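Inspection log for the structure reproduced underneath, given as structure tokens.
Start at 1 and go down the list; that is how both ligands and their atoms are numbered. From a predicted model like this one, the values you see are computed outputs, not experimental measurements.
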Amino acid sequence: MARRIVLHVDMDQFFVACEIRERPDLMGKPVVVGADPKGGKGRGVVSTSSYEARKFGVKSGMPISQAWKLCPQCVYLPVNFELYVKVSNEVMEVLRGFAAKFELWGIDEAFLEVTGKAKDFAEAEKLAKEIKKAVKEKTGLTCSVGAGPNKLVAKMASDAKKPDGLTVVRPEEARAFLYPLPVRKLLWIGPKTEQALKAMGIELVEELAEADPTVLFERFGKMGPQMRLMAQGIDESPLVETWEAKSIGNQRTFENDTSDEKEIFAKLDELGDEVWGRAGEEGVAFKNIGIVIRFTGFETHTKARELRKPCGSLEELKKIVHELAVPFLEEGRPVRLVGVRLASLKREKGQKKLGEF
Ligand code: TTP
Ligand code: MG
């Protein structure tokens, strides 16, 4: 079997980069996108900050009031999600063109399976350079790319050098690359797991990789030995092509992974409202309804249903979305992301696209 090569692409300072594209005068300035700081009294958090603002210590997720304390001279901008979705679509279209298989992972990141497109890691590196060039030319934005033998290593590699980075980790280099990192860097390890591991004397990826799997199982259940394998750079999860080119869909990541069904269904309903609205705006009927569910870690599932006739109402859409989701939620496993997608689209006669009026 040919050795796998996976790329992970992550945009640099994404929300800020979109804002700078609209307002080039902001280039090189400390910029913060997030809640209104209200002179230090604001509530809410920082969505992201420019690399210049990061020098002051301002980071994603930090209370906006704290950001203000660290950097009152930063330029503060509200979140313009619509703009970021538009730019994200532009970026993803470029990336899709380079991949044998494509998986959208977040608004500013994606996995590209390039096994077969690049015969070895030297070719993968060349391809990654072409990708960076194409993204820059077509969207004006920079990204960081990681190449590795699987999703896990590729994702960690793209994070290794930012902004505008390119990091290639060959299979034989994977352990040396991962081992010195703190366990928190492994993407599915949140602050709680980090603390639990620390209490066991495990702080580095290397320590996790070499920990006793029985002890890990006792403490974390099935996730324990799984975490250990990933610390060793072992990950066989395939790319899951969440959306086809011709579909209307969206997906959202929970702020904190959740197994609360109410919260999950509420998010699915919200996405249902959104895609129903978009189908209406674009004047299309649809016969195929799909969902995507990603559990904590990498495991992603999609499920779709083809109807015999076009979906007739928002209630029907939501009902089907719930029915598709139920089997995945039975075990109560924490969910990281959900999505809803409409496909088998048909333009309804007499309807024009919104932009054509
Ligand atoms: P990231 O890729 O984590 O961050 P980034 O692109 O801003 O910066 P980097 O160069 O380090 O990749 O997240 C992508 C976008 O998601 C980010 O621009 C804003 C949004 N986001 C939030 O709204 N809240 C958060 O806590 C994080 C981490 C990101
Ligand atoms: Mg990013």
Side-chain angles (χ1 to χ4, degrees), residues 7-23 26-37 42-67 71 74-92 94-95 103-112 128 131-132 135-136 139-146 151 154-167 181 184-191 194 250-258 267 294 296 336-337 339:
L7 304 184
H8 179 259
V9 180
D10 187 292
M11 303 304 292
D12 301 320
Q13 51 175 28
F14 185 57
F15 290 5
V16 167
C18 297
E19 297 290 351
I20 294 176
R21 201 175 81 165
E22 299 292 300
R23 283 182 53 184
L26 294 174
M27 179 90 80
K29 297 209 170 123
V31 179
V32 180
V33 173
D36 184 350
R43 288 165 166 270
V45 297
V46 172
S47 294
T48 197
S49 54
S50 67
Y51 279 84
E52 291 78 9
R54 291 178 201 189
K55 286 190 196 136
F56 293 90
V58 179
K59 294 203 172 74
S60 292
M62 170 184 280
I64 201 78
S65 54
Q66 195 183 343
C71 187
C74 280
V75 178
Y76 287 85
L77 300 173
V79 176
N80 178 359
F81 211 71
E82 217 174 302
L83 170 67
Y84 316 142
V85 170
K86 187 184 125 214
V87 179
S88 172
N89 286 336
E90 287 173 31
V91 170
M92 298 309 160
V94 176
L95 298 182
E103 179 172 354
L104 183 65
W105 186 260
I107 187 161
D108 84 327
E109 52 181 312
F111 289 101
L112 285 67
I131 291 173
K132 285 167 65 77
V135 170
K136 179 82 193 147
T139 72
L141 305 190
T142 63
C143 58
S144 298
V145 182
K151 287 165 79 174
K155 164 105 180 153
M156 309 281 282
S158 74
D159 192 45
K161 200 166 153 269
K162 263 188 159 286
D164 206 10
L166 168 55
T167 306
L181 300 173
R184 182 71 165 94
K185 280 266 173 186
L186 294 171
L187 89 151
W188 70 97
I189 293 189
E194 181 190 25
N250 204 357
Q251 52 189 33
R252 280 220 192 100
T253 310
F254 289 101
E255 233 152 72
N256 296 303
D257 294 2
T258 179
K267 190 72 84 192
R294 177 174 303 142
T296 299
R336 177 186 155 90
L337 165 150

Subject >> Under 3.5 Å donor-acceptor, R21 side chain and T139 backbone >> reply: yes

Original post:
If you measure from each non-hydrogen atom of M11 to ligand 1, which part falls under 4.0 Å: side chain, backbone, both or neither?
Top reply: backbone

Subject >> Test item: D164 side-chain N/O and T142 main-chain N/O as donor-acceptor pair under 3.5 Å >> reply: no

**OP:** Can you pull out the closest protein heavy atom to atom 15 (C) of ligand 1? Residue, atom name and distance to 0.1 Å, please.
**Re:** F15 CE1, 3.8 Å

**OP:** Examine distances only and state if a side-chain atom of R184 and a backbone atom of I189 form a donor-acceptor pair shorter than 3.5 Å.
**Re:** yes

Subject >> Vertex the Mg ion (ligand 2), arms to D108 OD2 and M11 O, rounded to 10° >> reply: 90°

Subject >> Whether Y51 lies under 4.0 Å from ligand 1, heavy atom >> reply: yes

Subject >> Shortest protein heavy-atom distance from atom 22 (C) of ligand 1, along with the residue and atom involved >> reply: S47 O, 3.3 Å

Original post:
Judged by non-hydrogen atoms, does R54 sit under 4.0 Å from ligand 1?
Top reply: yes

Subject >> Exercise: identify the closest heavy-atom pair between C143 and M11 >> reply: CB-SD, 3.6 Å

Original post:
Any idea which protein heavy atom is nearest atom 17 (C) of ligand 1, and the distance to it?
Top reply: T48 CB, 3.7 Å

Subject >> Nearest to the Mg ion (ligand 2) - the N/O/S atom of D10, by atom name >> reply: OD1

Subject >> CA sep, side-chain torsions, deciding dist, call: D257, T296, side chain to side chain donor-acceptor pair (under 3.5 Å) >> reply: CA-CA 7 Å; D257 294 2; T296 299; 2.8 Å; yes

**OP:** Quick one: closest heavy-atom pair of F56 and P30, and the distance?
**Re:** CE1-CB, 4.2 Å

Original post:
Which of these, L77, N80, V87, L83, sits in a side chain to side chain contact (heavy atoms under 4.5 Å, CB included) with E22?
Top reply: L83

Subject >> Part of D10 with heavy atoms under 4.0 Å of ligand 1, whether side chain, backbone, both or neither >> reply: side chain

Original post:
Looking only at atom types and distance, does a side-chain atom of S60 sit under 3.5 Å from a main-chain N or O of S47, one as donor and one as acceptor?
Top reply: yes

Subject >> Heavy-atom donor-acceptor pair, K155 side chain to G146 backbone, under 3.5 Å >> reply: no

Original post:
Relative to the heavy atoms of F14, which atoms of ligand 1 are at a distance of less than 4.0 Å?
Top reply: 5 (P), 6 (O), 7 (O), 18 (O)

Original post:
Measuring to protein heavy atoms, does anything land under 4.0 Å from atom 9 (P) of ligand 1?
Top reply: yes

Original post:
To the nearest 0.1 Å, how far is atom 26 (O) of ligand 1 from its closest protein heavy atom, and which atom is that?
Top reply: S60 CB, 3.7 Å

**OP:** Name the option, out of V79, V16, I107, D108, that contains the heavy atom nearest to atom 6 (O) of ligand 1.
**Re:** D108

